[in-house]
Amino acid sequence: MEYNHRDIESRWQQQWKKDNTYKTEIDNSRKKYYVLDMFPYPSGAGLHVGHPLGYIASDIYSRFKRLQGFNVLHPMGYDAYGLPAEQYAIQTGQHPEKTTNDNIKRYKEQLEKIGFCYDWSRELRTCDPGYYKWTQWAFERMFESYYDTKLNKAMPIKSLIEHFEKEGSKGVNAASGRELTFTADEWKQMSEKEQSDVLMNYRLAYLGNTMVNWCPALGTVLANDEVSEGVSLRGGYPVEQKLMYQWCLRVSAYAQRLLDGLETIDWTPSLKETQRNWIGRSEGAEMKFKVDGNDDVVMEIFTTRADTVMGVTFMVLAPESKYVDQLTTPEQRAEVDEYINSIKHKTERERMIEKKVTGVFTGSYAINPLTGKKIPVWVSDYVLAGYGTGAIMAVPAHDSRDYAFAKKFNLEIIPLIEGADVSEESFDAKSGIMMNSNGGELNLNGLEVKDAIKKAKEFVEEKGIGKVKVNYRLRDAIFSRQRYWGEPFPVYYKEGIPHLLSEDKLPLLLPEVDKYLPTETGEPPLGRAKNWVTEEGYPLELCTMPGFAGSSAYYLRYMDPHNSEALVSKEADEYWRNVDLYIGGTEHATGHLIYSRFWNKFLYDLGVVVEEEPFKKLINQGMIQGRSNFVYRIKDTNTFVTLGKKDEYDVTPIHVDVNIVSNDVLDQEAFKKWRPEYATAEFITEDDGRYVCGWAVEKMSKSMFNVVNPDDIIEKYGADTLRLYEMFLGPLEQSKPWDTNGIDGVNRFLRKLWGLYWKGGEWLVDDSEPSKESLKSLHKLIKKVTQDIENFSYNTSVAAFMICVGELASQKCHSRKVLEPLLILLAPFAPHITEQLWHDLGNTTTICDAQWPECNEEYLVEDTKTYPVQVNGKVRYNVVAPASATQAEVQEIALSNEAAAKWLDGKEPRKVIVVPGRIVNIVL
RNA sequence: GCUCCGAUGGUGGAAUGGUAGACACGAGGGACUUAAAAUCCCUUGACCAUUGCGGUUGUGCGGGUUCGAGUCCCGCUCGGAGCACCA
């Protein structure tokens, strides 16, 4: 029997499906292990070879853990809501659900061919009402909660209302949009609408007027992580800032816990760093500045450099700051208004690109609380309204932005650090010795910056000039999208006040609409739905939820996917707990991976889940880039010249379909058939007649003709070869180009493996005792592969298999005692071929129920001997070396390295390991 | 600008501080074959020597620690990623 991947793979895939081989149940007698892939958005283009990389890695780990006796949960599903399906719907009128389902069908077919051990009975889709019911449910729980900053957890909004009724806002410890002060009586006298507005200031899911990223081309709002450099991540359309009344999630309340949680999880340093940057914690002080001749206003500013207060030579307000209006003097009014207007007309992007230093004087002066000095207050757009208090104290000597501003408007610059030259640029570093900082009561001169910051903060707090404050860059997540294809909000409006739909009305189904475009009056697409009202006739919310809503808790749903009573049952949650290993791309670092952690912490506060962090260990697989091929056409002809001769002509490189190129050699006939205009193509080839193409690494995309489809690879080489090859390509976490060139080597390896068991239709395996050599080969492999899988170093594992199979072949090893464990080791990587040979060996159960073999170190021990080494005729050292070495050899080598001999001389006898040529290892 | 990561043959990439370049691709040579494909064997960092063992050099650059450094430390150069008027 010859190795035939087509027969073997389809046979076992069908068998596994029939036998429910990979179905997983709760089993309290076994330890659980949860391996999760980031579920895909099923795009219309289908999978290319880059997509399964992470899935193969997680599949190997799942199978490995299973062989080690763990009860492994390994599910798959689809992130089904998304913009492409909606845009396709707008163009074609086809319902996005239809498009999505078609794409999912295609994805599933492609995935099944690769031979993954998913428990498909747990498959989920975010657009399934049985699923999004729980997305809506979680939103309702957030609406009904506030964040208690003292208890550091989410609490029911009811208890806040009770507090308001008793004591008003006094003594409230709640994360909020702005600080409100009112008495119990005032609360009671508020109208329903007013009370609703007050509560919105505290709810974890709230309606708020916020500056949003509005994308006119897409007709919707985008979250911060969906925007990069002023354009939308999807489509690259310009994005502008707009004030809108939107649903938001108070993610900022969890900033510190999101930061602290990073210490408890096993993620890569770079990913943690990305999240830390995104959360952007900075410790500083909020300080109060009085205004000269205006006792009504006290300016509050935020600074991380309280120590530089003696060097403040001006103040700056953000154009949107509330202080602008209060501090502008009548003489300056016209100028300030003109400036503010000129800013408003520019988009965020324009402001960023221009980077011009602009600003205007308000006419007012603040008073330095320490020196009593009068300092001018300016307005400039380099200060952001959304961070801190929207106002800063400027220290030009030690902040480059303040410095640029001071230079432009000729403002004073006072250096505060000894030896810092500020004549050309500012000195921003937080180090050095302070000077010019004697403010009477507070003298910082002579202190190191760090100590000065500390002392200044203490002083400020003591004197009531300000208070120590921690600020975060992390913003609340904007949760409304003006789109059709997403989860509807379970919210209706009664006299303009939002109310939740009662829980028994969930899920609120997405209505049908005639078109997927906004209405003529500019309302979101749901405005087209007929009867989009409650039973009582109240209008329902017209926005839908963003993409990250459905992906924020999907890992919990897999634990108990068919439960109609709860997101996840207590039993399932307590058994499966959280994801042990999560594999996916880095692109979700500041999106999904923040929102999911937030969502999970919220559910943890509610007592719905037992683990505070959802993903214990996370691996980022690298991106697979495309490897494009080029042919070189001689200008104005239909003649193509090979790579080696192209410099002799005037040529234009043209992308050529990589599927008609093999090892960079063009299939000339296929090229002629590829495009009608090339039918008459002529070639100038290398001297041996081959046409060699050029190549470059680019993004894998249709327009570069470098997309490699896994189906084609599987058809030609089989899924096992594809799996092994993807792992062999290089380290999992590294990005690398796809290059089909090396795949033959892996395929050859599988055929060699087959050759250990079958040759010319004859079964070779017997029950003979294996040789010592063969046992050594096997146990070396067991050790290496076990270690490598734990370290996700799959490329070196594959190499180890190649070496081992080569050794066993040359040893003519046919012993079942070696060849059976070999299959188990390889099973995670190449499940089909190993399953087949496993059954050929006479086993009746599936190979994934086998037991992972243990390494017996005894087989690996090299025979060594201890050699006495003489120095000046006396035995001074005992040297351990291979038994095959001679006494003279060891003696010579040990003393040949003069430095080593000197180092050894005079020391107590100790062991030195020697290999031919040099001292290799000194065992102390 | 700040932070993190990386740099090893023609290529992808191996090396708990201990024989650098595993494994694979590609290339060259050979066997088998009428021929090709497939398969098998040998060579393959560079330079020198080569009818024989061999020698020199070599992990981006410059220092350091060490008997010994691709690996550890300090300072650069280049490349990638994240954040970025965040005070």
Side-chain angles (χ1 to χ4, degrees), chain A residues 228-229 268-282 284-285 301-306 308 315-316 318 348 351-352 354-357 380-395 398-402 404-405 425-426 428-429 471-475 586-587 589-590 620 627 663-665 695 724-725 728-731 733-746 748-749 751-752 755 784 787 793 795-804 806 894 897-905 907 912-923:
Chain A
S228 178
E229 291 176 12
T268 58
S270 74
L271 188 57
K272 286 188 183 182
E273 191 62 25
T274 303
Q275 289 216 338
R276 277 191 207 107
N277 278 341
W278 191 258
I279 296 167
R281 178 190 159 103
S282 62
I301 60 95
F302 176 76
T303 181
T304 55
R305 294 294 300 274
T308 58
M315 311 287 285
V316 189
E348 186 90 335
R351 277 204 232 169
M352 265 164 50
E354 279 182 13
K355 286 213 165 173
K356 261 200 220 149
V357 181
S380 172
D381 67 352
Y382 83 85
V383 174
L384 302 178
Y387 185 77
T389 61
I392 62 151
M393 63 179 211
V395 186
H398 302 291
D399 183 289
S400 48
R401 298 153 300 180
D402 297 346
F405 197 80
E425 56 180 4
S426 64
D428 290 16
N471 254 320
Y472 300 93
R473 208 182 64 88
L474 184 69
R475 290 287 111 88
T586 10
E587 65 272 21
T590 53
N620 287 123
R627 188 178 187 278
N663 288 351
D664 292 336
V665 176
W695 62 274
L724 279 167
Y725 186 58
F728 188 62
L729 222 43
E733 306 193 35
Q734 196 175 300
S735 285
K736 56 232 159 194
W738 175 266
D739 181 0
T740 310
N741 287 348
I743 201 164
D744 287 320
V746 170
R748 218 168 279 154
F749 156 73
R751 294 206 302 268
K752 274 186 203 163
K784 177 82 177 142
Q787 272 174 12
S793 179
N795 54 332
T796 53
S797 281
V798 177
F801 280 114
M802 290 177 175
I803 296 168
C804 182
N897 184 336
E898 200 190 318
K902 196 176 163 194
W903 179 76
L904 287 164
D905 189 35
K907 301 210 175 179
V912 180
I913 293 177
V914 173
V915 297
R918 72 174 67 189
I919 295 173
V920 191
N921 203 3
I922 295 155
V923 184

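Predicted model only: the values in this text are computed from it and were never measured. To find a chain, count down the sequence lines: A is the first, B the second, and so on, and within it residues start at 1.
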Exercise. Looking only at side-chain N and O atoms, does A:Arg473 come under 4.0 Å of OP1 or OP2 in B:C83?
Worked result: no
Problem set entry | Nucleotide paired to B:A36 in any strand shown, Watson-Crick or G-U, under 3.5 Å | none
Exercise. Below 4.5 Å, heavy atoms only, C-beta onward: do A:Leu729 and A:Trp738 meet side chain to side chain?
Worked result: yes
Exercise. For B:G9, does the glycosidic angle fall within 90° of 0 (syn) or outside that (anti)?
Worked result: syn
For this session: Scan A:Ile803 against the nucleic acid and name what it touches under 4.0 Å (heavy atoms): base, sugar-phosphate only, or nothing.
Result: sugar-phosphate
For this session: Can you tell me, in whole Å, how much space there is between the C1' of B:U59 and that of B:C72?
Result: 16 Å
Exercise. Taking atom C1' in both B:G58 and B:A15, what distance in whole Å separates the two?
Worked result: 16 Å
Exercise. P atom, B:G6 versus B:G21: distance in rounded Å?
Worked result: 23 Å
For this session: Scan A:Thr586 against the nucleic acid and name what it touches under 4.0 Å (heavy atoms): base, sugar-phosphate only, or nothing.
Result: nothing
Problem set entry | Phosphate OP1/OP2 of B:G13: any A:Gln734 side-chain N/O under 4.0 Å | yes
Problem set entry | Euclidean distance for P, B:U39 against B:C83 (whole angstrom) | 47 Å
For this session: Determine: side-chain N/O of A:Arg627 to OP1/OP2 of B:U11, distance under 4.0 Å, yes or no.
Result: no
For this session: For A:Arg751, answer base if it contacts any base atom (sugar-phosphate contacts may also be present), sugar-phosphate if it contacts only those atoms, and nothing otherwise; contact means non-hydrogen atoms under 4.0 Å.
Result: sugar-phosphate
Problem set entry | Rounded P spacing from B:A22 to B:G12 in Å | 15 Å
Exercise. Any donor and acceptor pair, going by atom type alone, linking the side chain of A:Lys736 with main-chain N or O of A:Pro731 inside 3.5 Å?
Worked result: yes
Problem set entry | A:Tyr725 (side chain) donor-acceptor with A:Gly742 (main chain) under 3.5 angstrom | yes
For this session: Tell me whether the OP1 or OP2 atom of B:A87 has a side-chain N or O from A:Tyr387 closer than 4.0 Å.
Result: yes
Exercise. Is A:Asn741 near enough to B:U11 that one of its side-chain N or O atoms lies under 4.0 angstrom from OP1 or OP2?
Worked result: no
Exercise. What interatomic distance, in whole Å, is found between C1' of B:G70 and the corresponding atom of B:A31?
Worked result: 39 Å
For this session: Please work out whether the ring planes of A:Tyr387 and A:Phe302 are parallel, tilted or perpendicular, with thresholds of 30° and 60°.
Result: perpendicular
Exercise. Watson-Crick or G-U wobble partner for B:G82, using a 3.5 Å limit on both distances?
Worked result: B:C2
Exercise. Counting just side-chain N and O atoms, does A:Ser270 come under 4.0 Å of either OP1 or OP2 of B:U3?
Worked result: no
For this session: Tell me what A:Asp402 touches on the nucleic acid: a base, only sugar-phosphate, or nothing, going by heavy atoms under 4.0 Å.
Result: nothing
Exercise. Can any side-chain N or O of A:Asp402 pair as donor or acceptor with the backbone N or O of A:Val395 at less than 3.5 Å?
Worked result: yes
For this session: May I ask you to say what A:Lys752 touches in the nucleic acid, namely base, sugar-phosphate or nothing, with a heavy-atom cut-off under 4.0 Å?
Result: sugar-phosphate
Exercise. Reckon A:Pro737 touches a base, only the sugar-phosphate, or nothing at all at heavy-atom distances under 4.0 Å?
Worked result: nothing
For this session: Please work out which of the three classes, parallel, tilted or perpendicular, describes the rings of A:Phe749 and A:Phe801, given edges at 30° and 60°.
Result: tilted
Problem set entry | Sugar-phosphate, base or nothing in reach of A:Arg276, heavy atoms under 4.0 Å | nothing
